[in-house]
Amino acid sequence: MSEIKSPTEVDQLVGQMIRARRRELGLTQHQLGEFLYLTFQQVQKYERGVNRISAGRLYELSVVLGVGIEYFYEGAADLARHLKKATAQGKKKAMVDRPVVLTAEAREIGQLYMQVPNSNLRKQLRASMQATVDALTETS
């Protein structure tokens, strides 16, 4: 009898990528579920990484969301390196420093940033964002 494997961090990454792409397309969980003959609750479980996704279902998601299968694994190599490092350093510290999965909004900001032709202006934008993050961190 085979043992049912619990969802992993890669399952969570895939779920985050599903959510990001669904939102990018302006779909609700209910609408995505209808395309796949699933309930919105099942879509929600996939997105949270609570339920694992079969290879066939992942293929269906790639077709409905208009992306290649590899899209769902963007960042997985970084995550794997991070997990290997976590084992060596101790999980608690490594979890604080875990890689961030970029949302559609973050990718859009990055694309806009790269469209600024002046490198000095890009440096100023980055410094401004860092100052904002630092100020918010100090107040919390």
Side-chain angles (χ1 to χ4, degrees):
M1 183 182 232
S2 68
E3 143 186 0
I4 296 176
K5 205 171 170 192
S6 297
T8 66
E9 291 192 5
V10 173
D11 294 313
Q12 292 172 354
L13 170 71
V14 170
Q16 290 172 11
M17 297 304 289
I18 291 168
R19 173 179 282 145
R21 181 63 179 160
R22 175 183 60 76
R23 287 180 172 173
E24 218 173 83
L25 295 173
L27 295 172
T28 66
Q29 289 176 334
H30 182 76
Q31 290 168 323
L32 180 56
E34 284 182 342
F35 285 126
L36 299 166
Y37 303 101
L38 297 172
T39 64
F40 82 90
Q41 292 97 333
Q42 184 61 48
V43 172
Q44 188 177 59
K45 288 177 182 179
Y46 284 155
E47 289 183 355
R48 289 192 345 240
V50 173
N51 285 8
R52 303 189 86 199
I53 302 171
S54 71
R57 180 70 71 199
L58 193 60
Y59 175 76
E60 291 170 355
L61 279 159
S62 74
V63 171
V64 168
L65 296 174
V67 294
I69 295 286
E70 68 281 357
Y71 168 85
F72 300 111
Y73 295 99
E74 286 178 15
D78 292 337
L79 182 58
R81 280 191 294 278
H82 171 75
L83 292 174
K84 195 171 191 178
K85 183 178 173 184
T87 305
Q89 294 180 342
K91 276 224 183 223
K92 190 171 182 181
K93 180 193 178 319
M95 291 309 288
V96 171
D97 300 329
R98 84 186 283 181
V100 175
V101 176
L102 294 181
T103 63
E105 182 181 32
R107 288 192 301 271
E108 182 182 357
I109 289 169
Q111 290 169 346
L112 291 170
Y113 174 85
M114 293 311 297
Q115 290 176 19
V116 175
N118 185 306
S119 64
N120 288 330
L121 184 53
R122 283 196 308 271
K123 287 177 187 176
Q124 290 173 0
L125 287 168
R126 185 184 175 286
S128 175
M129 290 179 74
Q130 185 63 57
T132 302
V133 169
D134 292 345
L136 292 170
T137 305
E138 290 172 10
T139 60
S140 36

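Only a predicted model underlies this, so the values are computations on that prediction, with no experimental measurement involved.
- Rounding to the nearest 0.5 angstrom, the gap separating the CD1 atom in I53 from the CG atom in L61 is 6.0 Å.
- Residue Y71 is grouped with residue L25 when hydrophobic side chains (ILVMFWY) are merged at heavy-atom distances under 4.5 angstrom, including chains of intermediate members.
- Between the OH atom of Y73 and the CG atom of L58 there is a distance of 5.0 Å, given to the nearest 0.5 Å.
- Remark: Q16 CD to E74 CD distance equals 12.5 Å, nearest 0.5 Å.
- A salt bridge (charged side-chain N to carboxylate O under 4.0 Å, His left out) check over residues 57-70, counting only residues at least two apart or in different chains, returns the pairs R57-E60.
- The closest side-chain heavy-atom distance from F72 to S62 is below 4.5 Å.
- In the hydrophobic clustering of this structure, M17 groups with V63; members are Ile, Leu, Val, Met, Phe, Trp, Tyr whose side-chain heavy atoms approach within less than 4.5 Å, directly or through other members.
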Donor-acceptor pairs under 3.5 angstrom involving side-chain atoms of residues 119-131: please list them, not counting sequence neighbours.
| unit_1 | atom_1 | unit_2 | atom_2 | d |
| --- | --- | --- | --- | --- |
| R122 | NH1 | V116 | O | 2.6 |
| Q130 | NE2 | D134 | OD1 | 2.8 |

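- To the nearest 0.5 Å, atoms CZ (F40) and CD (Q29) are separated by 7.5 Å.
- Atoms CG and OG1, from L36 and T39 in turn, are 11.0 Å apart once rounded to the nearest 0.5 Å.
- Linking ILVMFWY residues whenever their side-chain heavy atoms come closer than 4.5 Å, directly or via other members, places V43 and Y59 in the same cluster.
- Pairs passing the salt bridge (charged side-chain N to carboxylate O under 4.0 Å, His left out) check and including a residue from residues 35-55, sequence neighbours excluded, read D11-R52, R19-E47, R22-E47.
- Counting only heavy atoms from C-beta outward, the side chains of F35 and L27 approach each other to under 4.5 Å.
- When each of V14, L38, L32 is checked for a side-chain contact (heavy atoms from CB on, under 4.5 Å) with Y46, only L38 meets the rule.
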